[in-house]
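Input: a single structure, listed below in structure tokens.
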Amino acid sequence: MFEQTGPHATNLLVLKNILCLVFGVGVLWTIVLSGYELASSLYSLRAYSLLVVLLEGVCRYLTPASSSEISAIAKAKTKKHSKIFETFLVVLLSVCSVIGTHVVVVLFGAYVIENIEATFTLSLLVASLAFIRPLITLGRSAVINLLERQNIESEVKSFAVLVATWAGAFPIPLDWDRPWQVWPLTCSIGAILGELGASVYFLSVLWSKGGTQWKNKAR
Amino acid sequence: MWMTRHRNCEVLVVIFCVSELLTVGLLLFSHGFLLTRQVIPSNSSCDDFRDPKPDHRGETGHPSHTGGGCWMMPPFRKTIILLIDALRYDFALYNASLKDDDTLPYQNKMPVFGEIVKQHPHQALLSPFMADAPTTTMQRLKGLTTGSLPTFIDASLNFASEEIEEDNIIDQLVRHGRRVTILGDDTWGGLFPGRFSRSHLYSSFNVMDLHTVDRGVLSHLGEEMGRGDWEVIVAHFLGVDHCGHRYGPNHPQMATKLAQMNEAVLQVIAGMDNDTLLLVLGDHGMTQTGDHGGDSREEVEAALFVYSPALHLPSPPVHTLPVAQVDLVPTLALSLGVPVPFSSLGKVMEDVLVTAGMSAEEAEKQRHLGLHLNVQQVKRYLTAYRELGNSYPQDLWHKLELLEGKALEKSSVGGQRTAFSEYLTLAKLMCEEIWARFDVQEMLSGLCLMLSVLLMAGLLIHSSALTDIKTHIIKRLLILTVVVNLLFALSLSFGFVIFGYAANVLILLWMYAHRQHLTVSQLDFKAIDCIPLLLVSFLLLGSFSNSFVVVENYVVAFILLSCITLYLLLLMLEIVSKKLSSGKMLKVFGNAFSVTCGTGWAAAVVCVRCSGWFWRCREEQHWCLPGQAQVPLSGLPQHLHNWRYFTSVLPLALAVWLPRRWLLLCGNLNGSRVGVVLARTVPVACSVLVAVWWAIQAVMAAHNLDLWGHVIPPRVIYAATAVHVAVLACVPLLIYELPPAASRKSQPLVSDNPSTLIPHLYKSLMEKYRTQNSKGPTIPIVYGLATGLSASMVAVLMVVVVVVVLVAGDGLSGAVLLLVLVAAASLLLQALWKLKTCHNLKELARPGWSAACLWFTLSIHGFYLTGHQPTFPALHWSAAFVGVEGAQSVGNWAPALLVGLNTYSSYLLLGLALPLVVVAPLALSVVFPSLRGSRLEGDEISRGEFLLVEEPDMLRESLMSTALSYIFLQAAKVFCTSLAAFVLRRHLMLWKIFAPHFIFEAVGLIVTLLSVLAGLGFTLRVQAALASWGERLVKAA
């Protein structure tokens, strides 16, 4: 997909990934500084989720439409209110994805009623990193697109976040009695680490790809 | 025909040999791991320490051979021991600050101890009485009478009471002319046959019976005390323990029981002479659920009450010090003037040796003498134990010798006394440590053996050896097994570890000799195989961490959910990549296949999540609240009885109805073959009987009845199950051939009935098929042929499920249903995956590692789901009484078998059902043609499982590879737990966490091996029968 996008889009992508990195490191730093105190950590996690979604929205707004998307938009323009309908659908699907994530987290063993705030914060975080962002970028058929591996960035990020969240459950049973072993901090930290890893991977890919472009430009 | 049988046998032989070799390795390891203490047959005698050292303080004290005393002057002539089973310390402790309304049912119900201690502070004493784990009654009685420490392995012999051969207090008393009267628990009769001068013993077997033993004891106690012909009376009350087992400590029954005990103690005190010592003690405590066996504080902390009008104790300390249970033996022996038993490790309670008549100096001397004799006796035992070739830890033994020297140097009596006390405490500590000792070489050779067999199994699965089995290889495998077994027997009988290693080398050599058959040609691991294997390896690694073992139920559920979700994800990827039409969600996921995937996943995931209701809490899981499912119906409050009864019967009905519905759908329950008739009636009848039996139990418990013949329903169920399984093994076909003439007439009728639509469809296909092959005039119409292979297995499993529910008890019938549902959903997902991805029949019939991983994780999940934990207190002892009335009528094997069936029900069910994993895709594709993938040609696959009957080699190969993979995973788990137990053998939590985990896993492996063999044998038998039926049909045509 990188080949088709122009230098402007690439710069935007680099900027977005750097911002993702900064936000991720920032929220981790906040949590560590608070001494893994649960209430404030949950607050910063929620703020982070919101920030990430906003960033994605802004990027979507600023990205020039690629050729395939232009055709899609052109198609969409034939219908009235389609843009509003599309936005509404994306919001609805986002809410559904948060609820769905919550249900899956509970099915995987989280308490149903106890710690519901913590569980919901985790679902919000995971859903916004793994589902809401692709929904914003790819529109309503994001799930299919992800499974079809059409957008590599979104796919790698979603996948990394989900796997890292899943892996974050493993330290919970250990009897180390560390403050960060509290539910849902391990899984949340896992999710953020997954996100950071994916961002770094992306930046490196963009660097190796874009390096030639920038060199060309300099000449 | 003969050829088929022969080849089928070969399959079984391969699996049997691998299983047998694994078992040998396991036994070798456990023989080194679970060492027992060496029993020294010597006895103490009266002359052993007749003269305390003359140089010590100049005086020898009392002339010890007079006054009937052996080693020293006995302060008491007679003793009454009231042993109240499971009398926890807080049952006996009186807390004056509690109001009557606030007390729990077990609090403040025995005020007698508090009152007496308050009235006579110098004559009475109440203190915690610390038991050594395992806290089972049998082990405690052994410990209380020999004064020695129990070893871990003794716990398994609880059901098989046997005579104590070691020197013990009862024998010493009898030998020195004391007459002992016993009342109560008949375990004493088994431990000490012929020792008691008078006895009134009652069966302790029925845990549900709270009163028989206690009433018997109480009716004879007063009379016996009045007679003059005794020196010691032991009265063992069982009611409190049984009440705990049946209702738990928090139940009004416990309050009445304790009040009754209080009354009994009061009566005994009122009838006591002045020179009698009264000891009231508990042999162990109980947990909040009324169980015991482990080493939690609640189980270990029993109560001890000492009282005699002649006693003169020093002023009571502010804080009562706990007394160890081994201390009872030396105290009792010295206070009655008999020798302390040879292997006693206890420390005498020196204050109890002092009577009111003594002066302060005499009292001091008495205490000193008691301790000195005690030290000499313990030292003699330790020396004798060392001379038998056992060694002690250097530093501890050295320290002991130093202490002894120091004690004799000390000039002051007080200083010597403290040194003696220290010596005795240290000696006990040292013994506790050495009796957790291992034979490292034997353990290592067992581990190596297991590892090489695992390697062999892994090579067999992936090499070409399975596709065409050479008879000579199998013969050599059999010879190898026999030789390894011989070596194992030799190594056990002669104690040479070298034989264990020799067996290991032999296996490796065998593998090297057959390397051209065992070479792995190509390993084609796909994502669906790799990721579950990775997940399972997490599970295996968890065996090395105590925190992961403690929460294994959570971890296993998590891994199982991950496996199931992985199937869904990969299936979704497949679906999307097939469609290649981006955009519409509904278009891609709207078809029957996707909906089935989603439903299967959701059902499995919800069922796994709901299993939390049935989990049992480990002691270490402090956050866990015990659920209601563990309590039997009779233990619930009255208003919940009906609710519980119906919520137990409903899952039972579903667990029978759903498979029955499936068999009806496949058309396997038509006609009047013997098997069909049985499969139609037996499961339903058995489940009705189970419901009836639960009702009878509830009524009996509510009204305290003892109905004649209440054990008949379970026994009828056992008999019916045996008959059902035996008949199905002999005539396994569940198919129905319509007579050719009748078939034409009934054709329209058949298609009218929707439940026989599929067989009807199949019949027309079959018709086509037959007309191609044999152009005979008669076209056979057969119902249920497409699922002929699995139907018999399902029919057998139905009955086994009913028996499992019966043994599991009413609370857990829902758990068994959940297990069945998750297994069915897993089969569905596995079948869908196969149907979606496979290109040909060979791939379709070979489930691969992913299915084995799923099935393996499910089997462990099932263990926890059915309310078990790998700890001994968590065993469901109540299962031993399902259909068994008393210990006399049957041996110990029937209760042991029932408890085993209860504990390992999931290993048994899943092991038996393993062949279903192979045939599930074929069966599903016939019954639900819409799920069939486009890659497989329709006409071929519509013949369903009969394809495998016609291709027996393929069936054998896939059965063998599936069984080997499943066994491989189970054995790998056991190997990891053994390795963990080996590596962490000095770990603090070894006896509490790792050793029980290993024992449960090891027995589980053996159950798995047996059930997999049985399942395979049965399936191959069905295949042979179907094949010969087909041959006959072709001949007839």
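So you know, we letter chains A, B, ... as the sequences are listed, proteins then strands, and number each from 1.
Taking each heavy atom of B/Arg609 and A/Val112 in turn, the nearest pair found is NH2-CG2, 4.1 Å. Across B/Ser547 and A/Pro173, no two heavy atoms sit closer than the pair CB-O, 3.2 Å.
To the nearest 0.5 angstrom, B/Tyr554 atom OH is 12.0 Å from A/Ile172 atom CD1. Here the CZ atom belonging to A/Phe108 is positioned 9.5 Å from the CG atom belonging to B/Leu560, to the nearest 0.5 angstrom.
With a 4.5 Å cut-off on side-chain heavy atoms, A/Leu107 and B/Val606 count as touching.
In this structure, chain A has no heavy atom under 4.5 Å from any part of B/Ile564. Interface remark: B/Leu535 contributes side-chain atoms only to the contact with chain A (heavy atom separation under 4.5 Å). When heavy atoms are compared at a cutoff of 4.5 Å, A/Ala167 does not approach chain B at all.
Residue A/Phe170 places its CZ atom among more than 12 non-hydrogen atoms of other residues, nucleotides or ligands, all under 6.0 Å distant. In this structure, A/Trp183 places its CH2 atom where more than 12 heavy-atom neighbours from other residues, nucleotides or ligands lie under 6.0 Å away.
Note on ring orientation: taking the six-membered ring where Trp is involved, the planes of A/Trp166 and B/Phe538 are tilted (angle from 30° to 60°).
Your options are B/Ser545, B/Gly612, B/Ser562, B/Cys610, and the one with the most heavy-atom pairs under 4.5 Å with chain A is B/Ser562.
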